[in-house]
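Remarks on the structure that follows.
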Amino acid sequence: MVRSDEADAFYFGVYSAIQEIPVGRVTTYGHIAALCGYPQRPRQVGVCLKHLPADPSMRHHNGNVPWQRVINAKGLISPRSAPSGARNQAETLRAEGVTVTENAMGELSVDFDTHGWFPETLPSEETSSQEGAEG
DNA sequence: ATTATGACTAACG
DNA sequence: ACGTTAGCCATAA
């Protein structure tokens, strides 16, 4: 299933970057895209995730990609993953220690200041790692 | 081949 | 603060 070298590299980069997200942290589609060297293609990150199983509990796929730690730039869990996928995603995040709150409109929100993970580069690419929530 | 859609986001009004 | 517009491009029809 070789789409193209470039696309394949993008997929690989996306999955790799997501796997670098620590337990109890979340980041955004745009940030994953940027880490892969494609800051203008956050949508494609969503496309990559769509290829993964909808059930985060089974995570028996492609290299255990913890896609539940990827949310949108507004700090909300993308409600389109499945009929109740966002709900399921929220439960999985809570199991990892992430505080997920629900708005009056039923939107599932995560506080970036508490759980955000936005390194400038992949920790694996750095000789020394630094991280922390910024505000 | 083209048209439409979408797990997105920054910019603009 | 909120809706609209523009950019992106893999998938699906």
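Reminder, nothing fancy here: chain letters follow the sequence lines and each chain counts from 1. All values derive from a computational prediction rather than experimental measurement. These values consider heavy atoms only, across backbone and side chains, with no hydrogens, waters or symmetry-generated copies.
- At whole-Å resolution of the value, OH in A/Tyr29 and P in B/dA10 are 14 Å apart.
- A/Lys50 has its NZ atom 13 Å from the P atom of C/dA10, to the nearest Å.
- Put simply, A/Thr28 has no side-chain N or O that comes within less than 4.0 Å of OP1 or OP2 on B/dC8.
- Candidate nucleotides C/dT11, B/dA7, B/dA10 were compared by shortest atom distance to the side chain of A/Ala73, and B/dA10 ranks first.
- In this structure, CG of A/Leu49 is placed 11 Å from P of B/dT9, rounded to the nearest angstrom.
- We find that NZ of A/Lys74 is positioned 15 Å from C1' of B/dA11, with the value rounded to whole Å.
- Note: CG (A/Leu93) to C1' (B/dA7) measures 13 Å, nearest angstrom.
- Every residue meeting the side chain to side chain donor-acceptor pair (under 3.5 Å) condition with A/Glu107, not counting sequence neighbours, appears here in chain and number order: A/Asn103.
- Distance from the side chain of A/Val47 is smallest for C/dA10 among the nucleotides C/dA10, B/dC8, B/dA7.
- Residues forming a side chain to side chain donor-acceptor pair (under 3.5 Å) with A/Gln44 (at least two apart in sequence, or on another chain): none.
- Counting only distance, with no hydrogens or angles, the side chain of A/Gln40 and the backbone of A/Ala33 share no donor-acceptor pair below 3.5 Å.
- Across every non-hydrogen atom of A/Pro22 and A/Arg69, the tightest pair is O-CD, 3.7 Å.
- B/dA7 atom C1' lies 13 Å from atom CZ of A/Phe10, rounded to whole Å.
- The minimum heavy-atom distance linking A/Leu108 with A/Ala86 is given by the pair CD1-O, 3.3 Å.
- Contacts of residues 34-44 of chain A with DNA chain B (heavy atom under 4.0 Å): A/Pro42, A/Arg43.
- Both A/Phe118 and A/Val26 sit in one connected hydrophobic cluster of ILVMFWY residues. Membership requires side-chain heavy atoms under 4.5 Å apart, directly or through other members.
- Counting to the nearest Å, the P atom of B/dG6 and the NE2 atom of A/His51 are 15 Å from each other.
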